[in-house]
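Hydrogens, waters and symmetry mates are skipped; everything else that's a heavy atom, side chains included, is used.
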Amino acid sequence: MAQKYFGVMMVNVTGVELLIVNLKTHKSLERVTKEINLGDDVYRDQPVQFETVSKVVEALTGFVQILHDYGVENYQLWGSQALSQAVNADFMADQFFLHTGLEVRWLSMSEEAYYRNQNISLELKDKKKASHGIVYLVGITSGNTSVTRFDGGKFVTSTNFALGPIKIAEDLQSLRQSAPNSTGVLNDYIDSKLNDFDMGDLASLVSNPSPTKIVLLGTSPIRGLVSHYEKDDSLTSLPVSAFNDLVDDIVDASDQYLIEQLLVSEDAVPLILPELLLIRRVIQLTGAKELSFSDSGIVDGLVNNEEVALGFSKHDFTYQTITMAINLADHYDVEPVHRDLVTKFALHLFDQLKPLHMLGGRERVLLQVASILHDVGNYVGIHAHYIHSEYIIRHSDIIGLSREERAVIAAIARYHSSTTPSEDLSHFSQISAENRRLISKLAAILRLADALDDDRQQKIKKISVSIKSHSVVITVYSNANLAYENWIFNSKSHFFQETYGLKAVLKQRGVKD
């Protein structure tokens, strides 16, 4: 019975959260939140105080006891991207482990957006409901904001930027004390930060005639403020015009009014105006006409992910990661026909070689993303383009990928061409032994797939794979002269033999007209 229970613990700059769910029924058994302020130290680039870390440890210890009381054996601890940037993040992780036995896994911004979006994504995909048009999911945490676009329930793109109400408040604390117009300062600051980030297609939609909608995700104090302002506790949405009226009133409101009339907690008062102005700027960028709210949070997405992993659910969201990879490839003018053919060959090789590499579905996704993006470096320059590809991938925002996964994909792209890890030890040795093996296995596959269309002529449309005792035979179906492909294949197959211990052999079979 306990095996179907799953526990998620999340620690971020505002505190810790526990969610226990029955994976089979998707019903929550327990949800507990403990507010602890870590943001003041994090955003001042100061170590989180020992007393504060101790409060987190105490809360986590209590959570573990609750999990044991329910008989939950499957549980995990996750940490927010913002908290991972703390000066003493490693110390905190060590304290969590020493006192609770929990190893924290730090999320990236793109992972946070990926998990936070999931529940509402399912609603948008529901064909039984009316068409949703253009919808933006906006997740605002203490220091980060994510904006994800859906068109007619279909995922389109996602953008993250390092800006949130606590970060804004901390950055402008000293300036606002001396500035005559704090609202003007806040607006100028938000605009300056948003200008540093690529908003993708968002800005172009201001003139879009189709009605657009923003869904604010998570348990922001803004939702409670709006409900009390509108005197409607059941409020789930409001027109943007009404929201703008609210903002105009709040700009001149006293702290006492916020606390007594709108029931804003005293700690949250300094964050209200930065968050309201940030939301209004995102509304302007997206051209939204309606604003609604959703409680969908990161822990809910982590539960969805576990349900998929254990076979309790088929709601797999990795298609969003693939879509973002294709968006990125298009942005860097990657030739789509070659890209798609190499990706097709690479995935076919991966599937047929599973007895050799013994890798799973997640590794297949990493190979797929690497195949889509392996040539993005050509945008910078053809010479040593694989190095440029690695850099671009490492520094790109791809929803659903951890920092470690992005680094693995970048390395696969680096070694897809001529350089091999054995020739690049100073760089390759910085990667963990486990990831070095993974990168070698996947890069060797991608190198063979790329060799089959090295001249971009698409002479080969179909392949089959046969594993022999001393070799792997790749049969290609084509009536064309493949002298060049044979030469390139033989050159690039040495790395495959080094990695798998089997020689890759290319055979050609004609195709009947």
Side-chain angles (χ1 to χ4, degrees), residues 8-18 33-61 63 76-113 115-116 139-146 160-177 186 189-190 192-193 196-197 218 267-268 270-271 274-275 278 298-299 302 394-397 401-407 430-432 435:
V8 178
M9 286 164 281
M10 180 78 185
V11 55
N12 55 47
V13 296
T14 60
V16 288
E17 183 178 4
L18 167 69
T33 301
K34 176 73 173 177
E35 293 185 2
I36 304 170
N37 182 9
L38 294 85
D40 287 350
D41 294 327
V42 171
Y43 295 116
R44 288 173 182 161
D45 291 325
Q46 297 176 353
V48 177
Q49 297 179 21
F50 180 79
E51 293 79 6
T52 306
V53 177
S54 297
K55 290 180 182 178
V56 176
V57 168
E58 182 181 356
L60 291 175
T61 302
F63 287 175
Q76 299 169 5
L77 173 64
W78 303 80
S80 70
Q81 187 275 339
L83 191 58
S84 73
Q85 301 305 303
V87 174
N88 59 338
D90 289 343
F91 166 77
M92 287 190 288
D94 189 52
Q95 289 295 303
F96 300 159
F97 180 73
L98 287 175
H99 293 282
T100 68
L102 297 169
E103 291 190 17
V104 63
R105 176 181 165 184
W106 300 114
L107 293 166
S108 66
M109 273 196 289
S110 58
E111 283 182 298
E112 289 186 6
Y115 291 122
R116 193 186 297 111
I140 299 177
T141 62
S142 54
N144 301 308
T145 300
S146 66
N160 297 318
F161 44 94
L163 194 65
I166 291 183
K167 182 172 176 56
I168 294 172
E170 291 293 342
D171 286 351
L172 293 185
Q173 185 176 24
S174 60
L175 182 59
R176 289 183 65 196
Q177 292 172 355
L186 281 167
Y189 175 81
I190 291 169
S192 71
K193 293 300 180 182
D196 290 339
F197 293 88
D267 289 341
L271 311 180
E275 185 162 358
L278 177 58
I298 294 172
V299 292
L302 290 167
R394 273 185 175 272
H395 295 86
S396 293
D397 196 22
L401 294 180
S402 67
R403 286 183 292 271
E404 183 179 28
E405 288 176 331
R406 201 165 62 229
Q430 300 173 18
I431 303 169
S432 69
N435 281 340

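- At least one donor-acceptor pair closer than 3.5 Å links the side chain of S110 to the backbone N or O of L401.
- Annotation: side chain of L77 is not in contact with side chain of F97 (no heavy-atom distance under 4.5 Å).
- We find the CZ-OG distance between F161 and S146 to be 8.0 Å, quoted to the nearest 0.5 Å.
- Counting heavy atoms of neighbouring residues, nucleotides and ligands inside a 6.0 Å radius, atom CZ of F91 exceeds 12 of them.
- A distance of 4.5 Å separates CD1 in I140 from OG1 in T145, rounded to the nearest 0.5 Å.
- Scanning all heavy atoms of the two residues, the minimum distance from S402 to R105 falls at CB-NH2, 3.4 Å.
- You'll find the side chain of W78 stays beyond 4.5 Å of the side chain of V11, heavy atoms only.
- Annotation: side chain of K34 is not in contact with side chain of K55 (no heavy-atom distance under 4.5 Å).
- Rounding to the nearest 0.5 Å places CZ of R116 at 6.0 Å from OG1 of T141.
- Taking 4.5 Å as the limit, some side-chain heavy atom of L186 sits within range of a side-chain heavy atom of I168.
- Contact check for V42 versus V48: side-chain heavy atoms found under the 4.5 Å cut-off.
- Rounding to the nearest 0.5 Å places CG of N88 at 8.0 Å from CG of D41.
- Contact check for M92 versus V56: no side-chain heavy atoms found under the 4.5 Å cut-off.
- A 4.5 Å side-chain heavy-atom check between E405 and S108 finds every atom pair outside the cut-off.
- For E111 against W106, the heavy-atom pair with the smallest separation is OE1-O, 4.1 Å.
- Counting only heavy atoms from C-beta outward, the side chains of L107 and M10 approach each other to under 4.5 Å.
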